[in-house]
Amino acid sequence: MIGPFEANGSAHTTKKVSVVFVLGGPGSGKGTQCANIVEHFGYTHLSAGDLLRAEIKSGSENGTMIQNMIKEGKIVPSEVTIKLLQRAIEENGNDKFLIDGFPRNEENRAAFEAVTGIEPEFVLFFDCSEEEMERRLLCRNQGREDDNIETIRKRFKVYMESSLPVIEYYNAKGKVKKIDAARPVGEVFEAVKAVFTPPSDKVKAASWSFKWND
Ligand code: ADP
Ligand code: C5P
Ligand code: MG
């Protein structure tokens, strides 16, 4: 458990939460794998991109600004994204969160830490080539305004210039669990499962398979 996290910015309510940051380039499979992790390991999935898109739909005063930034593949000011993440954490009864697609740059990282006091348990990093990510994004078919080749190129540039340094930052702290994400979904999830399974359960699983194969 990591904390303290002061809900509503008030010193009265403190919610202790455990957070895993899920990072990787656009189309590396973060959302797909988070859905699997939720099902198997009881986390709540918070995608920063999904929260921003919901904010546009809700007709909020920031909606037009967010929409324009997403169309250009730019990173929305941290203040906006962090408020959405904080609200989602507060409103949820769970205490285990996968935060997907955040922090996306140094400003995101530093501001989140300063505002919430939350340090991630670890960072799950989906490593995938640009060629493969581009193929996946062009097939995604979810009607996203940023899944076109022009915006995809801009998103890759932002990823290389602003997001990879954040992954490097956590890597230097020994917090990154790197997954080869270029493989089929099931194989990637096998590697993900190994990261989330406590060592004692891995021993149990190994002895069971020993008995069966004996
Ligand atoms: P992200 O959230 O990282 O942008 P998604 O999970 O939305 O990525 O995946 C992008 C697209 O690629 C989706 O259409 C998804 O179904 C597909 N996809 C995800 N993982 C894989 C994989 N391992 N192999 C092939 N396609 C994948
Ligand atoms: O993660 P996802 O691909 O859904 O993000 C879509 C877009 O949302 C990004 O390209 C960016 O414009 C915006 N975003 C952001 N800050 C984040 C996450 C997403 O501005 N931390
Ligand atoms: Mg996603």
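Both counts, for ligands and for their atoms, begin at 1 and track the order of listing. The structure displayed is predicted, hence computed values, not measured ones. The first residue in the sequence is number 1, and the count goes up from there.
Under the 6.0 Å distance and 45° angle rule, Lys177 counts as a cation-pi partner of Phe122. The cationic atom of Lys96 (NZ for Lys, CZ for Arg) lies less than 6.0 Å from the six-membered ring centre of Tyr43 and within 45° of the ring axis.
For ligand 2, the atoms closer than 4.0 angstrom to any heavy atom of Val76 are 15 (C), 20 (O). In the vicinity of Ile75, heavy-atom distances shorter than 4.0 Å reach the ligand 2 atoms 16 (N), 20 (O). Atom numbering of ligand 2 starts at 1 in the shown order; those under 4.0 Å from a heavy atom of Leu52 are 13 (C), 14 (N), 15 (C), 16 (N), 19 (C), 20 (O). Interface atoms of ligand 2 facing Gly49, defined by a heavy-atom separation under 4.0 Å, are 4 (O), 5 (O).
Within a 6.0 Å radius of CD in Glu106, more than 12 heavy atoms belonging to other residues, nucleotides or ligands are found. In Lys173, the NZ atom is crowded: over 12 heavy atoms of neighbouring residues, nucleotides or ligands sit closer than 6.0 Å. In Lys175, the NZ atom is crowded: over 12 heavy atoms of neighbouring residues, nucleotides or ligands sit closer than 6.0 Å. For Lys178, the NZ atom is loosely surrounded, since the number of other residues' heavy atoms within 6.0 Å does not exceed 12.
Assignment of Arg53 to the shell around ligand 2 is supported, since a heavy atom sits closer than 4.0 Å. Arg144 counts as a contact of ligand 2, since one of its heavy atoms falls under 4.0 Å from the ligand.
An N or O contact shorter than 3.5 Å is missing between Gly73 and ligand 2 by distance. Considering backbone and side-chain N/O atoms, Gly101 comes within less than 3.5 Å of an N/O atom of ligand 2.
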Where does ligand 1 get N/O contacts under 3.5 Å from the protein, atom by atom?
residue	atom	partner	partner atom	Å
ligand 1	2 (O)	Gly31	N	3.0
ligand 1	3 (O)	Ser28	N	3.4
ligand 1	3 (O)	Gly29	N	3.0
ligand 1	3 (O)	Lys30	N	2.8
ligand 1	3 (O)	Lys30	NZ	2.9
ligand 1	4 (O)	Gly27	N	2.9
ligand 1	4 (O)	Arg140	NH1	3.1
ligand 1	6 (O)	Gly31	N	3.4
ligand 1	6 (O)	Thr32	N	2.9
ligand 1	6 (O)	Thr32	OG1	2.5
ligand 1	7 (O)	Arg140	NH1	2.8
ligand 1	8 (O)	Gly29	N	3.2
ligand 1	23 (N)	Arg136	NH2	3.4
ligand 1	23 (N)	Arg183	O	2.8
ligand 1	23 (N)	Val185	N	3.3
ligand 1	24 (N)	Arg136	NH2	3.3

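Of the protein's non-hydrogen atoms, Ile70 CG1, 3.7 Å is the one closest to atom 8 (O) of ligand 2.
Aromatic ring centres of Phe189 and His40 lie closer together than 6.0 Å.
At a heavy-atom distance under 4.0 Å, only side-chain atoms of Asp146, from C-beta outward, approach ligand 2. Contact annotation: for Asn108 versus ligand 2, heavy atoms closer than 4.0 Å belong to the side chain alone.
In this structure, of Arg104, Arg140, Arg109, Glu145, the residue bringing a heavy atom nearest to atom 2 (P) of ligand 2 is Arg104. The option with the heavy atom closest to atom 12 (O) of ligand 2, from among Lys74, Gln67, Met69, is Lys74.
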Trace of the salt bridge (Lys or Arg N to Asp or Glu O under 4.0 Å) decision for Lys15 with Glu90: CA-CA 8 Å; Lys15 181 174 179 183; Glu90 283 160 20; over 6 Å; no
Audit row: Glu161, Lys157, salt bridge (Lys or Arg N to Asp or Glu O under 4.0 Å) steps and yes/no: CA-CA 6 Å; Glu161 289 176 359; Lys157 190 163 186 287; 3.1 Å; yes
Could you check Asn105 against Ser162 for side-chain hydrogen bond (donor to acceptor under 3.5 Å, both in side chains), going step by step and ending with a plain yes or no? CA-CA 5 Å; Asn105 62 12; Ser162 305; 5.5 Å; no
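When the options Asn108, Val19, Leu46 are evaluated for a side-chain contact (heavy atoms from CB on, under 4.5 Å) with Leu85, the one that passes is Leu46.
Looking at Asp146 and Thr151, their side chains never bring a donor and an acceptor atom within 3.5 Å of each other.
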